[in-house]
Peer 1: 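The structure under discussion is supplied below as C-alpha cells; questions concerning it will follow.
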Amino acid sequence: MKKLTLLTLLALLSLLPAAADEGMWLPSLIAERIGDMRAKGFRLTAEDIYSINRASMKDAVVLFDGGCTGELVSAEGLLLTNHHCGYDAIQRHSTVEHDYLTDGFWARTREEELPNRDLNVRFLVRMEEVTDRLAAGETPEEIIAAACAEGTGYKASVEQMYYGDQQFLFVYEQFDDVRLVAAPPSSIGKFGGDTDNWIWPRHTGDFSLFRIYASKDNKPAPYSPDNVPYRPKKHFTISTKGVKEGDFTMIYGFPGNTQEYILSDAVEYIAERSDPAKIAIRDGRLEIISRAQESDPALRIHYAAKHAAIANAWKKWQGEALGLTRMKTLETKRQQEELFRRENPRGGELLDAMKAEYRRITTPYFAREITLETLRALPAKYSDEERAEEVFAARAKIERALFRRLFGEYARRCPAEYRVPAFLDGVARSGSPEAFAEEVFEEVWAGGDTPLSDSLRSGTKRMLDHITWLLGTDRLRNLTSSRLNDLYREYVHELRHTWPERPFYPDANLTLRVAYGTIAGYEYADGEYHKPQTTLDGIIAKDNPEIYDYDIPQSLRDLYASKEYGRWASEIDGRRTVPVCFLATNHTTGGNSGSPVLNADGELIGINFDRTWRSTMSDIAFDPSICRNIAVDIRYVLFVIDRVGGAGHLLREMKLK
Ligand code: ARG
Ligand code: GLU
C-alpha cells in the first residue's frame with residue numbers, strides 16, 4: 001500500500017471516529033479504553049465496570065421496558081429511571097380520582113407499590129463474542145437456545161457489531177414483576193413539556209421510581225403477591241457532593257441506534273431528503289393538533305401524548321439536519337471516501353458497489369418513510385373505548401383535517417412508482433387526494449364496513465412488503481438493504497484494519513454501552529455560552545400558572561419562598577439554591593434515557609434524559625464542541641422525593657454519600 005502523506009493522515013484523523021468524548025463502548029472490551037478514562041479522571045478499574053466473576057456496575061443497570069435504561073439504587077430492588085420512561089405505567093394507574101400524572105404518586109408502604117402488566121427489566125448476565133462459533137457452523141438460534149437454558153428468566157440475542165464483522169451473544173436475566181413506587185407530578189417530571197424538550201437550559205425533574213420483585217429465592221417470577229423485593233448483586237451509591245465543570249462523567253446504558261460510518265450518500269439522503277420531508281409532514285400534523293388543543297381543554301388533554309410523540313422526533317430531526325449542515329458532514333464524508341479510494345486497494349471497487357446500491361434503494365426507502373409518516377400514521381379504526389369518550393364528537397373535525405392533510409402529503413411526496421394503486425384509483429375517482437381522504441375518513445369515523453379504507457390498507461401493506469423485498473431485509477431502522485449491510489461489513493472492516501491506531505466503536509443497537517466525558521457547558525456561537533448547570537431559581541423564573549407546561553406545584557413555590565431546602569441546598573454561583581439539571585459531553589442517543597450518570601468513583605450523580613437538539617446529529621457525526629447530553633441532577637431528584645413527595649423513607653433505603 002502507498003505510504004500516507006502527513007497531510008492525508010491528518011485529514012483522515014479528523015474524519016474518523018473517535019476523538020474526544022465520542023464513542024459508545026462495549027463493556028466487555030472496556031479495558032481497551034480504561035487508560036483514556038483514567039486520564040480523564042476515572043478512579044475505578046475495567047473489572048469494576050464489567051465483570052463476570054464478581055459484582056460489577058453492569059449488575060446495577062437494566063434495560064427498562066425494552067427501550068429505556070434504569071439503575072438500581074437500593075439493596076431492595078429500588079430502581080430509578082425517567083418520568084417519560086415510566087409514563088405508560090403512571091398513566092395506566094391514573095384515573096379521574098387518582099390522577100397520578102397530574103398529582104404524582106408516592107407509595108408510603110411496600111403494599112402500596114403498584115404492579116404493572118407488560119413491564120419488564122433486563123440485567124445483562126454476560127456478553128461474549130461468537131463470531132468464530134457462527135463461522136464454524138453453529139446457528140444463532142442454537143447459541144440463543146443454549147444461553148436461555150442457563151437460568152430462570154434468561155433471554156438471549158445475537159447482535160451484529162460493525163455490520164456483522166463481529167457478532168456478540170448477549171445473555172439477559174429478565175424480571176417481569178416491576179412495581180411503580182413513586183413519580184413526581186408531571187409539572188415537575190415533564191416540566192417545560194414539549195416546549196423545553198431537547199432544549200437547554202432545562203429544568204425538568206424527569207425521574208420515576210420502580211421496584212423489582214422476585215421469587216423468595218431471588219429469581220425472576222411472574223407477578224405474585226408472594227414475591228419479595230429483588231436483592232441485586234450491586235446497586236449504586238449516590239453522591240450528593242455535586243458536580244462542577246470538568247468533572248469526569250460516565251454513562252452506562254442502552255443506546256438504541258446510531259449510524260456513524262455511513263457514506264455521504266446516506267448523509268445527503270438524511271439531511272436533504274428524509275429529514276426535511278418528515279419535518280414538513282409533521283409540521284402540518286402538529287399545526288392541526290395544536291390548534292385543536294388551544295381551542296378546548298378536553299382536546300388538549302386528549303392529544304397530549306400524541307402531540308408529545310409527534311413533536312419529539314420532529315424536533316430531533318430539525319436539530320439533526322441543522323447539525324449535519326453546520327458540521328459540513330456531507331463534504332467531510334466525501335473527502336473521507338476520496339481518501340479511502342486512494343489509500344485502500346479495494347477502496348474504489350467497494351465504494352462504487354455501495355453507491356450503486358444506494359442508487360437502487362434510496363427512492364423505495366424514501367417511499368416507505370413517506371408512507372409510514374402519512375397513510376400509516378392515520379387510524380385504521382377508532383376503538384369502542386375511544387368512541388365512548390366524551391371528546392369523541394369534538395375530535396371529528398381534527399381527525400378529518402388530519403386525513404385530508406396526510407392524504408395530500410402522500411400524493412405530493414411519495415415517489416410515483418411506489419404509490420399504492422388503490423390510492424391512485426381513489427383519487428382519480430373522487431377528484432383529489434383531499435376528496436378521497438374525506439370518503440375514507442367518513443367510513444372509518446362511522447365504523448362498520450370500511451371497503452375503501454380496507455382496500456387502501458391492504459394495498460399499502462402490499463407496497464410496503466414489496467419495498468421490504470427490494471431491500472432484502474425487514475430490519476429497517478435506517479436507509480439500508482441486506483446487500484448494503486454486507487458491503488458495509490467489508491467497508492468498516494477495511495477502515496478498521498487500514499487505520500488500526502484509530503479507536504472505533506460499534507454503532508448503537510440497544511446493547512449495553514459505556515460513554516464517558518466531562519461536565520461541560522458549550523459555546524454555540526460567538527458570545528453564546530451555555531453554563532452546564534441549572535437551578536431551582538430558573539424553575540421559579542419560568543413558573544407561570546397560566547401556561548400548562550410551566551405551572552409548578554404550589555409546594556415547590558412554598559419551598560422556594562421559605563428556602564427550606566434542608567440538606568439539598570447548594571451554593572451555586574454565589575446563590576443558595578437547589579441544583580436541577582446539568583450538561584455533559586457523553587455520547588448518548590435514544591434509549592439512554594434513564595441511564596445512570598456516574599462520577600469518577602462510580603457513584604450516581606444524575607439521570608440522563610435528553611440531548612440538546614443541536615447535538616442530535618451525533619447519531620451520525622459527533623461534534624465535541626457542542627454535543628451535550630442532559631441529565632437531571634440527583635440532588636434535585638432527592639430533594640423532590642424528600643420535600644415535595646414527603647417520601648423520605650425511600651431515601652433511607654439508598655446509600656447517600
Ligand atoms: N427528548 C427526550 C427523548 O427523546 C424526551 C422525550 C419526552 N419528553 C417530552 N417532552 N416529549 O426521549
Ligand atoms: N430522551 C431520549 C430517550 O428517551 C434520550 C435523548 C436522546 O436521544 O439522546 O432515550
Side-chain angles (χ1 to χ4, degrees), residues 21-22 24 61-71 80-88 90-91 101 183-184 186-200 202-208 249 251-260 282 286 289-290 293 303-320 323 477 507-513 515 517 542 547-550 581 583-597 606-620 622-623 626-632:
D21 300 329
E22 176 176 1
M24 303 168 167
V61 181
V62 293
L63 176 65
F64 182 88
D65 201 18
C68 276
T69 305
E71 55 274 7
L80 273 171
T81 186
N82 290 146
H83 186 262
H84 80 259
C85 296
Y87 203 79
D88 268 353
I90 305 165
Q91 181 166 36
L101 273 182
S186 293
S187 52
I188 288 177
K190 209 183 166 208
F191 179 77
D194 288 337
T195 317
D196 281 11
N197 190 25
W198 301 109
I199 295 288
W200 184 263
R202 187 66 153 278
H203 299 90
T204 311
D206 198 344
F207 77 92
S208 57
T249 57
I251 292 205
Y252 212 167
F254 289 88
N257 180 21
T258 62
Q259 15 182 4
E260 308 287 347
R282 290 196 178 201
L286 288 169
I289 292 173
S290 302
Q293 286 183 296
Y303 284 107
K306 188 102 208 161
H307 188 282
I310 300 171
N312 194 44
W314 168 80
K315 209 163 182 177
K316 182 198 152 146
W317 293 327
Q318 292 178 53
E320 185 173 77
R477 280 188 302 183
D507 274 316
N509 57 1
L510 211 61
T511 58
L512 188 61
R513 302 297 176 92
K542 283 180 178 171
I547 304 176
Y548 182 80
D549 286 342
Y550 297 112
C581 291
L583 284 180
T585 61
N586 302 289
H587 191 179
T588 55
T589 188
N592 271 124
S593 274
S595 299
V597 188
I607 311 170
N608 187 69
F609 70 98
D610 212 356
R611 273 175 294 170
T612 64
W613 70 291
R614 290 155 159 183
S615 323
T616 52
M617 74 298 193
S618 68
D619 290 352
I620 295 153
F622 186 89
D623 179 351
I626 61 167
C627 284
R628 298 292 179 269
N629 64 302
I630 305 178
V632 54

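Note that the coordinates shown come from a computational prediction; the quantities given were computed from them, not determined experimentally. Both ligands and their constituent atoms are indexed starting at 1 by order of listing.
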Peer 1: Which atoms of ligand 1 have any heavy atom of W198 under 4.0 Å away?
Peer 2: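 Those atoms are 1 (N), 4 (O).
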
Peer 1: Where is the nearest protein heavy atom to atom 1 (N) of ligand 1: which residue, which atom, and how far?
Peer 2: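 For atom 1 (N) of ligand 1, the nearest protein heavy atom comes out as N197 OD1, 2.7 Å.
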
Peer 1: Measure the OG1-CZ distance between T69 and F609 for me, rounded to the nearest 0.5 Å.
Peer 2: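 Nearest 0.5 Å value for the OG1-CZ distance: 14.5 Å.
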
Peer 1: Atom 2 (C) of ligand 1: which protein heavy atom is closest, and how many Å away?
Peer 2: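 Going atom by atom, the protein heavy atom closest to atom 2 (C) of ligand 1 ends up being D610 OD1, 3.3 Å.
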
Peer 1: Counting distance only, does the side-chain N/O of N629 pair as donor-acceptor with the main-chain N or O of N586 below 3.5 Å?
Peer 2: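 Judged by distance alone, yes, a pair lies under 3.5 Å.
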
Peer 1: Of the protein's non-hydrogen atoms, which lies at the shortest distance from atom 10 (O) of ligand 2, and what is that distance?
Peer 2: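 In this structure, atom 10 (O) of ligand 2 has G591 N, 2.6 Å as its nearest protein heavy atom.
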
Peer 1: As a test of understanding, state which of T616, N592, D619 forms a side-chain hydrogen bond (donor to acceptor under 3.5 Å, both in side chains) with R611.
Peer 2: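 Of T616, N592, D619, side-chain hydrogen bond (donor to acceptor under 3.5 Å, both in side chains) with R611 is met by D619 alone.
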
Peer 1: Just need the protein heavy atom nearest to atom 5 (C) of ligand 2, so name the residue and atom and give the distance.
Peer 2: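 For atom 5 (C) of ligand 2, the nearest protein heavy atom is S593 OG, 3.1 Å.
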
Peer 1: May I ask which of D206, N312, D549 has a heavy atom nearer to atom 3 (C) of ligand 1 than the others do?
Peer 2: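 The residue whose heavy atom sits nearest atom 3 (C) of ligand 1 is N312.
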
Peer 1: Look at K542 together with D549 and state whether they make a salt bridge at an N to O cut-off of under 4.0 Å.
Peer 2: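 Salt bridge flag = no for D549 with K542.
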
Peer 1: To which protein heavy atom is atom 11 (N) of ligand 1 closest, and what is the distance rounded to 0.1 Å?
Peer 2: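 Answer, as residue, atom name and distance: D194 OD1, 3.1 Å.
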
Peer 1: Students often mix this up, so state it plainly: with edges at 30° and 60°, are the rings of H203 and F191 parallel, tilted or perpendicular?
Peer 2: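 H203 vs F191 ring planes: perpendicular.
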
Peer 1: What protein heavy atom sits nearest atom 9 (O) of ligand 2, and how far away is it?
Peer 2: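 Answer, as residue, atom name and distance: R611 NE, 2.6 Å.
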
Peer 1: Decide whether the shortest distance between a heavy atom of H84 and an atom of ligand 2 is less than 4.0 Å.
Peer 2: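 It does, in that a heavy atom of H84 comes within the 4.0 Å cut-off of ligand 2.
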
Peer 1: Are H587 and F622 an aromatic pair, judged by ring center distance below 6.0 Å?
Peer 2: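 Yes: the rings meet the under 6.0 Å criterion.
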
Peer 1: Under 3.5 Å, is there a donor-acceptor pair between the N197 and N312 side chains?
Peer 2: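 Looking only at side-chain atoms, N312 and N197 do form a donor-acceptor pair, the distance falling under 3.5 Å.
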
Peer 1: Between ligand 2 and G590, is the shortest N or O to N or O distance under 3.5 Å?
Peer 2: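 N/O-N/O distance under 3.5 Å: yes.
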
Peer 1: Please confirm whether F609 approaches ligand 1 to less than 4.0 Å, judged on its heavy atoms.
Peer 2: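 F609 counts as a contact of ligand 1 under the 4.0 Å cut-off.
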
Peer 1: Is there a donor-acceptor pair under 3.5 Å between the side chain of R513 and the backbone N or O of D507?
Peer 2: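 Confirmed, R513 side chain pairs with D507 backbone.
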
Peer 1: Can you list the atoms of ligand 2 that are under 4.0 Å from a heavy atom of D610?
Peer 2: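 Once the distances to D610 are compared, the set is 6 (C).
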
Peer 1: Give the residue, atom name and distance (to 0.1 Å) of the protein heavy atom nearest atom 12 (O) of ligand 1.
Peer 2: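 Result: H84 NE2, 3.4 Å.
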
Peer 1: Going by atom types only, do H84 and D206 share a side-chain donor-acceptor pair under 3.5 Å?
Peer 2: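 Per modelled atom types, H84 and D206 side chains form a pair under 3.5 Å.
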
Peer 1: For ligand 2, note which part of F254 has a heavy atom under 4.0 Å away: side chain, backbone, both or neither.
Peer 2: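 The answer is neither.
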
Peer 1: At the 4.0 Å heavy-atom cut-off, does G193 count as touching ligand 1?
Peer 2: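 Heavy atoms of G193 do come under 4.0 Å of ligand 1.
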
Peer 1: If we ignore hydrogens and angles and just use 3.5 Å, is the side chain of S208 paired with the main-chain N or O of N82 as donor and acceptor?
Peer 2: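 Side chain of S208 to backbone of N82, a donor-acceptor pair under 3.5 Å: yes, one is there.
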
